[in-house]
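One structure is given here, and the rest of the page talks about it.
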2 protein chains.
Amino acid sequence: METSAYAKDCPSRQILDRIGDTWSVLIVVMLADGPHRYTELAKRIEGVSPKMLTQTLRGLERDGLLSRTVHPVVPPRVDYALTSLGQSLYALVEGLEKWAEAHIDDVQAARVAYDAYSAK
Amino acid sequence: METSAYAKDCPSRQILDRIGDTWSVLIVVMLADGPHRYTELAKRIEGVSPKMLTQTLRGLERDGLLSRTVHPVVPPRVDYALTSLGQSLYALVEGLEKWAEAHIDDVQAARVAYDAYSAK
DNA sequence: CTTTCCACTATCCCGCGGGTAAGTACTGCA
DNA sequence: TGCAGTACTTACCCGCGGGATAGTGGAAAG
């Protein structure tokens, strides 16, 4: 009965972790409209530390979700772009956003109701 | 340009966090086939501590994703079930699982290739 | 000859998420 | 009298994820 996801080697678990990762999703969204450079990402993704940016980019690259292109010029220039696999993942993220927008009111109403009841 | 998700109050961010949460997803999956009791969940979701189980259940209940029904009998009996909102979220989770199954081979191939190249 | 630019990489350190374990309340059954 | 069973809650503690900061390299600009 090993429910899909306690095992770390389960496909669902791995994708779920990726989706749950703040920076991964932000990067995928940023790259959805085309390739960007390291510093561009750093500037536009507010709050990310260089360490996490590099770490996350490496993880996404390793999983084949984005491509890393080094231009051998000085100063160095590196472009990051979604692969087709990354683009298909972005489709999922879009789906989540749609759901979020559609149902956030319900969720927030539930929260208000719950908190009001608990506080009483 | 405030990219959807750095702000905590963004709908996408909140849903993403929920999806990324191991126990939340496992519970939703477990409840997809019908209501279950506290101890049933504890037994079938391997590795969850009572603390996290309760904490996660409360969170999901607060968000209106599941309902908690207390039966005033002795010994106590509490049933948890997905609400319609919870069921619509489960549809998303299913979508993620489908994607995971369809693309996990690509991802793993990419990882093997990446690791082989790095180790060299 | 020093500074600047870009893309990292390395190191230290702190907060907190989550695990373990023990406590609680209630009642029926032996 | 006391133990079992259910659904928690509370207290304590530890590991590590991630932030901040500093270092690297090499060419060109001033």
Under-4.0 Å side-chain N/O to phosphate OP1/OP2 contact, B:Arg37 with D:dC8: no
Selected nucleotide, minimal atom distance to B:Arg58 side chain, candidates D:dG5, C:dC6, D:dT9: D:dT9
- request: Take B:Pro50 and A:Pro76, find for each the nucleotide of DNA chain D with the closest heavy atom, and name the residue whose nucleotide sits nearer the 5' end.
  value: B:Pro50
- line: Walking DNA chain C from its 5' end, the first of A:Leu57 and B:Met52 to be reached, judged by nearest nucleotide, is A:Leu57
- request: Would you kindly give the OH-to-P distance between B:Tyr38 and D:dG5, to the nearest whole Å?
  value: 17 Å
message: Whole angstroms only, please: what is the CG-P distance between B:Leu41 and D:dA7?
response: 10 Å
Phosphate OP1/OP2 of D:dA7: any B:Thr54 side-chain N/O under 4.0 Å: no
query: To the side chain of B:Tyr80, which of D:dC8, D:dG26, D:dA7 is closest?
result: D:dC8
task: Using a 4.0 Å heavy-atom cut-off across all strands, classify B:Ser49 as base, sugar-phosphate, or nothing.
output: base
- prompt: Where the side chain of A:Trp23 is concerned, which of C:dC5, D:dA27, D:dG19 is the nearest nucleotide?
  reply: D:dG19
field: Audit row: A:Arg13, A:Asp17, salt bridge (charged side-chain N to carboxylate O under 4.0 Å, His left out) steps and yes/no
entry: CA-CA 6 Å; A:Arg13 186 69 256 140; A:Asp17 286 343; 2.6 Å; yes
message: Can you tell me which nucleotide in D:dA20, D:dA7, D:dC8 comes closest to the side chain of A:Lys51?
response: D:dA20
query: Looking at the side chain of A:Arg77, which of C:dA7, D:dA7, D:dG19 is the nearest nucleotide?
result: C:dA7
Minimum heavy-atom distance B:Trp99-A:Leu85, with the two atoms named: CZ2-O, 3.9 Å
